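Quick notes on the structure that follows.
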Amino acid sequence: MDLIPGLPNEIALECLIRLPVDQFSKAASVCKKWNGEITLPEFRRRRKVSGLTRTVLAMVQSMVATVKKPEGDTALFSTQVYRLSVCDPENGSWYDLPPISELIYGLPRFCRIVGVGSDLVVIGGCDPDTWRVMDCVFIYNFISGSWRRGADMPGQQRSFFGCASDSDRMIVVAGGHDDEKNAMKSALSYDVVKDEWITLPDMVMERDECKVVFHKGKFHVIGGYPTWAQGHFENDAEVFDTATWQWQLEDDFLSVINTSPHSCIEGDDGRLYMCRGGDVAVKEDPTWQKLAGLPAGITSVAYLTACQGKLILVGRGQFDELYSIYALDLDVESDDKVKKWTKVETSDEYSGHVQYGCCLEI
């Protein structure tokens, strides 16, 4: 059966890969043949080789919603919940992903989200109603436009962990703390394609509130702190070597002691960026150099990421209720040789608190 009657399949595939991303789920429902092609990993790779993929930003963002208790109670009440909002920087559009049906109070508080291929993976967090620590995994596929359950995260309860992906199929979860607030040095990897968890060797050190970054082809677990330090962040990092199946300690990775690594990210150019004090710094091995100051008036940074040659920052001023978004073009300098932030216009609907975020190329 031809993909498109009267056209060679090679030409038909060229037509399909040029569909807008938000139309893939509809196209996949046309027939089994189209569904089979669109859901193959090779379909995304073909789009990427052809330069048709684009980067979107996904964020765990707050909103006010009306909900009701599930136990037969018909009373409604308004409360703050977290949902997944998506920004397409190419055209400036915003939209919400469909809610996860079994999470009636919104996303788990302090959950982590990771982009893996065309999938957005939601891991862990706390039940917003009972504050019970959750080990559940939910996966949204941008091609099918649907959610599925992944295998639960194994082992003891884990909160405030770091996680990152290789953008292909693997996720690493590391550190955090257990149900007694003890910092953890254990780590796990999750294969999204196989839906399987693997226990990795323990890290050298306990690392609560650490940041995981996939950098130069390896998973880096940055900063965090041991149980006894309680919020005093370390400035080193551990790198997982898949060849030796061991962690390697890198001292003085952040250069500055007691700096939270939550904003540390890898840019499109392969360099690391992070917010430190009132500045954004770039890692010019082996040292960090100031790149630019924070946008005027911004005192609290919720999220930093890199996208299409730009840094994207979400933050707010000391007395602001709404969050603002700014972009910094890494390839452009002003006449005074100082890089300038540009404010991205955003409606109040998408100006709520951002708890976590990630980028996906879809």
Side-chain angles (χ1 to χ4, degrees), residues 1-59 84-100 113-122 137-150 164-171 190-196 214 217 266-270 305-310 312 327 329-331 344 357-362:
M1 177 181 174
D2 294 335
L3 284 172
I4 299 178
L7 286 180
N9 279 349
E10 189 68 20
I11 302 300
L13 267 175
E14 290 296 315
C15 295
L16 289 179
I17 65 174
R18 283 165 170 77
L19 288 172
V21 173
D22 58 3
Q23 298 300 310
F24 282 145
S25 60
K26 295 178 181 178
S29 66
V30 169
C31 64
K32 290 183 178 180
K33 189 74 171 178
W34 281 25
N35 181 75
E37 290 292 342
I38 289 172
T39 55
L40 284 174
E42 179 58 33
F43 185 81
R44 178 177 175 272
R45 284 192 285 268
R46 189 168 188 143
R47 279 174 45 81
K48 187 171 184 177
V49 170
S50 300
L52 297 172
T53 56
R54 67 175 188 265
T55 302
V56 297
L57 312 180
M59 292 181 280
L84 285 164
S85 59
V86 177
C87 173
D88 186 337
E90 188 172 311
N91 57 27
S93 64
W94 287 82
Y95 59 94
D96 291 349
L97 291 188
I100 301 171
I113 61 173
V114 193
V116 187
S118 299
D119 290 328
L120 178 66
V121 185
V122 180
V137 175
F138 300 94
I139 304 168
Y140 180 80
N141 183 265
F142 278 86
I143 304 301
S144 67
S146 60
W147 287 98
R148 68 181 188 271
R149 275 297 297 263
S165 84
D166 61 2
S167 298
D168 183 26
R169 62 185 292 169
M170 298 302 297
I171 295 173
Y190 176 58
D191 187 322
V192 178
V193 176
K194 292 183 177 180
D195 192 27
E196 291 180 355
F214 188 68
E266 183 181 62
D268 299 335
D269 56 5
T305 191
C307 174
Q308 299 174 338
K310 297 179 181 180
I312 308 294
D329 195 324
L330 297 174
D331 297 324
V344 179
C358 70
C359 283
L360 301 93
E361 187 177 358
I362 57 176

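Just the heavy atoms: all of them, side chains too, but no hydrogens, waters or symmetry mates, feed the values below. Counting begins at 1 with the first residue of the sequence. Treat the numbers as computed from the prediction; the structure is a model and nothing was measured.
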Check [X] against [Y] and note the closest heavy-atom contact, atom names and distance.
X: Ala28; Y: Ile38; answer: N-CD1, 3.8 Å
X: Phe214; Y: Ala164; answer: N-CB, 4.2 Å
X: Ala27; Y: Leu19; answer: CB-CD1, 3.6 Å
X: Ile139; Y: Gly150; answer: CD1-CA, 4.1 Å
X: Asp268; Y: Gly309; answer: OD2-N, 2.6 Å
X: Pro89; Y: Cys87; answer: CD-O, 3.3 Å

**OP:** With sequence neighbours left out, write down each residue that passes side-chain contact (heavy atoms from CB on, under 4.5 Å) with Arg169, or none if nothing qualifies.
**Re:** Asp191, Val193, Lys194
Which distance, rounded to the nearest 0.5 Å, do you find between the [atom1] of [X] and the [atom2] of [Y]?
X: Cys15; Y: Leu7; atom1: SG; atom2: CG; result: 6.0 Å
X: Asn9; Y: Leu3; atom1: CG; atom2: CG; result: 4.0 Å
X: Leu52; Y: Ile362; atom1: CG; atom2: CD1; result: 12.5 Å
X: Lys26; Y: Ser144; atom1: NZ; atom2: OG; result: 14.5 Å
X: Leu84; Y: Ile100; atom1: CG; atom2: CD1; result: 6.5 Å
X: Ile113; Y: Leu360; atom1: CD1; atom2: CG; result: 8.0 Å

Side chains of [X] and [Y]: closer than 4.5 Å at any heavy-atom pair?
X: Leu57; Y: Cys307; result: yes
X: Tyr190; Y: Asp195; result: yes
X: Asp88; Y: Ser93; result: yes
X: Val121; Y: Val137; result: yes
X: Tyr140; Y: Val122; result: no

**OP:** Would you mind listing every side-chain hydrogen bond (donor to acceptor under 3.5 Å, both in side chains) that reaches into residues 31-47, with sequence neighbours excluded?
**Re:** Glu10-Arg46, Glu14-Arg46, Glu42-Arg45
Original post:
With a distance cut-off below 6.0 Å to the six-membered ring centre and an angular limit of 45° from the axis, does Arg148 pair with Phe138 as a cation-pi contact?
Top reply: no
**OP:** Determine whether the side chains of Thr55 and Gln308 contain a donor N or O and an acceptor N or O closer than 3.5 Å.
**Re:** no
